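Notes follow the structure.
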Amino acid sequence: MNDVTSELNSIKRTRKIVNSAVWVIAGGAILFSLMTGAPLVSEHSEWRWTGWVLPALVDAALVLSLSADAVLSRYGVKGGRWPTGFRWITGLASLFLNTWGSYSTGDRVGVAIHSIAPVILICTSEVAPIYRRKFRELELELTGQVTELKVTKVVSTRKVQSSHEPGSEVQSSQENRSQVTGSQVQDSPPAELTENQRAIRDGYMSQRKASDVAKEIGVSPSYVSRRYRKIRQELDLTA
């Protein structure tokens with residue numbers, strides 16, 4: 001379990017580093033775009049002091065896209081065609097504002113230099129959601145493994161403790177017979193209940209609201225809340 005837990009913690013740290021790097025890249029590209037695009041817009045505007053407005057608007061659109069993708073990726077949801085088109089339109093607009101001044105004067109080196117930041121920002125806006133979804137999938141998988149290991153440890157501990165209690169041998173014999181004859185119906189939950197428990201466990205580890213999970217699987221919120229408390233108690237016993 002220690003190996004799985006350390007791997008999970010490593011993935012969480014890497015995900016945080018990736019998220020921080022995305023916003024560092026976005027911040028640097030936005031600052032560079034404002035400095036490069038504002039003079040170009042000022043030269044073609046009746047009010048020269050408004051040159052910063054258009055680059056700021058384009059960069060704000062990119063920030064909107066990155067922020068929305070960050071939330072959607074947290075739940076493994078893809079934005080679709082419109083968000084992708086939105087990112088590319090804003091990215092190309094930023095590329096134009098950064099390079100047209102150099103292009104119009106025939107400065108090929110300037111075009112290359114001023115295109116670096118917008119291109120990196122466009123690529124970042126495309127790969128960041130993919131990275132986030134992949135990290136989420138890994139976190140859910142490893143979190144499920146850690147939870148199963150902890151629950152198994154709790155159950156094993158309880159079995160060991162109960163085996164040392166008076167009359168435990170008789171009770172164990174009765175349980176074995178009931179398993180063979182199939183009389184122990186209550187201790188064998190139906191397949192649907194097992195699926196619900198798995199969904200509730202995943203919801204708890206993903207820090208989702210009990211009401212949202214209840215609505216998704218079609219049970220009462222109070223039932224999900226009770227299961228949340230039980231999972232929390234089981235995890236506290238192994239902490």
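Keep in mind it's a predicted model, so treat the numbers as computed, not measured. No hydrogens, no waters, no symmetry mates; every other heavy atom, side chains included, goes into these values.
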Look at the side chain of Ser94 and the backbone N and O of Thr90, then say whether any donor-acceptor pair between them is shorter than 3.5 Å.
-> no
According to a 4.5 Å side-chain heavy-atom criterion applied to Ile, Leu, Val, Met, Phe, Trp and Tyr, with indirect links allowed, do Val18 and Ile11 form part of one hydrophobic cluster?
-> yes
For Trp23, look at atom CH2 and say whether over 12 heavy atoms of other residues, nucleotides or ligands are found less than 6.0 Å away.
-> yes
With rounding to the nearest 0.5 Å, note down the distance linking OG1 in Thr36 to NE2 in His114.
-> 4.0 Å
Closest contact, heavy atoms only, Pro55 versus Ser33 | CB-O, 4.2 Å
Heavy-atom closest contact (Leu66 atom, Ala26 atom, distance) | CD1-CB, 3.8 Å
Look up atom CD1 in Ile25 and atom CD1 in Ile30, then write down how far apart they are to the nearest 0.5 Å.
-> 11.5 Å
Looking only at heavy atoms, which two atoms of Trp100 and Leu40 are closest? And how far apart?
-> CB-CD2, 3.8 Å
OH of Tyr103: more than 12 outside heavy atoms within 6.0 angstrom?
-> no
Looking at Ala117 and Ala29, what are the two nearest heavy atoms and their distance?
-> O-CB, 4.0 Å
same_hphob_cluster(Trp52, Leu95) at 4.5 Å side-chain heavy-atom cutoff = no
Within a radius of less than 6.0 Å around CZ of Phe86, do more than 12 heavy atoms belonging to other residues, nucleotides or ligands occur?
-> yes
Does Thr14 reach the main-chain N or O of Ser10 with its side chain, forming a donor-acceptor pair under 3.5 Å?
-> yes
Report yes if some heavy atom in the side chain of Val213 is under 4.5 Å from a heavy atom in the side chain of Tyr228; otherwise report no.
-> yes
Any side-chain heavy atom of Arg132 within less than 4.5 Å of one from Val22?
-> yes
What are the two closest heavy atoms between Ser42 and Gly51, and how far apart are they?
-> OG-CA, 3.2 Å
Would a hydrophobic clustering, with Ile, Leu, Val, Met, Phe, Trp and Tyr connected at side-chain separations under 4.5 Å, put Leu57 with Phe96?
-> yes
Closest non-hydrogen atom pair, Ser125 against Pro129 = O-CD, 3.2 Å
Looking at CZ of Arg136 and OG1 of Thr143, how far apart are the two atoms once the value is rounded to the nearest 0.5 Å?
-> 10.5 Å
Cluster check Leu138, Val127: I/L/V/M/F/W/Y, side chain < 4.5 angstrom | yes
Nearest-0.5 Å distance, CG of residue Leu97 to CG of residue Asp59 = 8.5 Å
Please round to the nearest 0.5 Å and tell me the distance separating atom CG of Leu62 and atom CD1 of Ile122.
-> 8.0 Å
OG1 of Thr84 to CG of Asp69: how many Å apart, nearest 0.5 Å?
-> 7.5 Å
